[in-house]
Asks: 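Dropping a structure here in structure tokens format, bear with me for questions.
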Amino acid sequence: MSSVGGEKRGDTGGDGTDAAGPFSFSPEPTLEDIRRLHAEFTAERDWAQFHQPRNLLLALVGEVGELAELFQWKPDEEPGPQAWPPKERAALQEELSDVLIYLVALAARCGVDLPQAVLSKMDTNRRRYPAHLSRGSSRKYTDLPHGATSESRTVGTADLPCESSGQVST
């Protein structure tokens with residue numbers, strides 16, 4: 001486990017915490033750093049021609065499938081990925097990295113500022129799932145007890161056209 005800026009990083013307990021506190025990510029690289037690194041990697045290989053939104057999405061789905069495969073036949077009683085052998089932990093790290101790289105590349109190609117989109121989505125989720133009505137419940141916001149806020153559909157990032165896609169979501 002390493003310490004960066006006084007915060008503990010690395011392996012944690014099964015609930016995402018260890019004796020020193022909850023897990024936290026390192027501050028770098030940022031999503032912008034990841035976008036730039038991938039863009040440079042792609043440009044050096046003249047691969048932008050192969051990175052249309054559809055291509056990036058399908059690559060992302062493929063990587064999610066590879067990530068899911070790591071969990072596929074694991075018993076539920078297992079302590080979790082924190083207890084996996086080093087070879088499996090390395091594979092987990094690689095597949096999660098692939099998913100993040102393709103997600104960032106897709107967002108960039110579609111002109112979606114992921115950090116801002118996350119802030120907006122969390123605000124939406126707070127309105128849809130008030131803590132006093134949703135605590136401990138897996139119900140969708142439309143199925144929460146009376147009093148949950150009902151929102152009219154607004155234009156979101158999913159409604160915006162991706163660069164070079166030539167299509168608009170409907």
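Values reported hereafter were calculated over all heavy atoms of this structure, with side chains retained and with hydrogens, waters and symmetry mates removed.
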Asks: Would you mind telling me which of Arg139, Arg135, Lys140 makes a side-chain contact (heavy atoms from CB on, under 4.5 Å) with Tyr129?
Replies: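 Going through Arg139, Arg135, Lys140 one by one, the side-chain contact (heavy atoms from CB on, under 4.5 Å) with Tyr129 is satisfied by Lys140 alone.
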Asks: Can a salt bridge be assigned to the pair Arg126 and Asp123 using a cut-off of 4.0 Å between side-chain N and carboxylate O?
Replies: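 Salt bridge between Arg126 and Asp123, a charged N being under 4.0 Å from a carboxylate O: yes.
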Asks: Not counting sequence neighbours, which residues clear side chain to side chain contact (heavy atoms under 4.5 Å, CB included) with Asp113? List them please.
Replies: Pro115, Gln116
Asks: Run the side chain to side chain contact (heavy atoms under 4.5 Å, CB included) test against Arg54 and tell me which residues pass, sequence neighbours left out.
Replies: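 Counting only residues at least two positions away or on another chain, Arg54 forms a side chain to side chain contact (heavy atoms under 4.5 Å, CB included) with Leu58.
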Asks: With a 4.5 Å heavy-atom cut-off, do Pro81 and Arg89 have their side chains touching?
Replies: yes
Asks: Strictly by side chain to side chain donor-acceptor pair (under 3.5 Å), give each pair with a member in residues 94-107 just once, sequence neighbours left out.
Replies: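 Found none.
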Asks: Which distance, rounded to the nearest 0.5 Å, do you find between the CD of Gln52 and the CG of Leu57?
Replies: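 So the gap between those two atoms works out to 13.0 Å.
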Asks: Measuring from atom CD1 of Ile101 to atom CG of Leu37, what distance do you get when rounded to the nearest 0.5 angstrom?
Replies: 8.5 Å
Asks: List for me each residue that meets salt bridge (charged side-chain N to carboxylate O under 4.0 Å, His left out) alongside Arg36, sequence neighbours excluded, and say none if there are none.
Replies: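 Checked Arg36 against salt bridge (charged side-chain N to carboxylate O under 4.0 Å, His left out); matches are Asp33, Glu40.
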Asks: How long is the gap from OG on Ser138 to CG on Asp143, to the nearest 0.5 Å?
Replies: 10.0 Å
Asks: Could you tell me the separation between the CD atom of Gln82 and the CZ atom of Phe23, rounded to the nearest 0.5 Å?
Replies: 9.5 Å
Asks: Going hydrophobic residue to hydrophobic residue with side-chain gaps under 4.5 angstrom, can you get from Val61 over to Val99?
Replies: yes
Asks: According to side chain to side chain contact (heavy atoms under 4.5 Å, CB included), who are the partners of Leu103, at least two apart in sequence or on a separate chain?
Replies: Leu60, Leu114
Asks: Say whether, by atom type as modelled, one donor and one acceptor occur between the side chain of Ser137 and the main chain of Leu133 under 3.5 angstrom.
Replies: no
Asks: What is the minimum heavy-atom distance between Ala117 and Val112, and which atoms define it?
Replies: CB-CG1, 4.0 Å
Asks: Among Ile, Leu, Val, Met, Phe, Trp and Tyr joined by side-chain contacts under 4.5 Å, find the other residues sharing a cluster with Val118 and list them by chain and number.
Replies: Met122
Asks: Could you list the residues that satisfy salt bridge (charged side-chain N to carboxylate O under 4.0 Å, His left out) with Glu32, not counting sequence neighbours?
Replies: Arg35
Asks: Determine whether more than 12 heavy atoms belonging to other residues, nucleotides or ligands lie under 6.0 Å from atom CZ of Arg45.
Replies: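 Atom CZ in Arg45 is packed in, count exceeds 12.
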Asks: Could you pull out all residues at least two apart from Thr42 that satisfy side chain to side chain contact (heavy atoms under 4.5 Å, CB included)?
Replies: His38, Trp47, Ala48, His51
Asks: Could you state the interatomic distance from NE2 (His132) to CG (Leu144), rounded to the nearest 0.5 Å?
Replies: 9.5 Å
Asks: For residues 65-76, which side-chain N or O atoms pair as donor and acceptor with protein atoms under 3.5 Å away, sequence neighbours left out?
Replies:
unit_1 : atom_1 : unit_2 : atom_2 : d
Lys74  : NZ     : Glu88  : OE1    : 2.6
Lys74  : NZ     : Glu88  : OE2    : 3.3

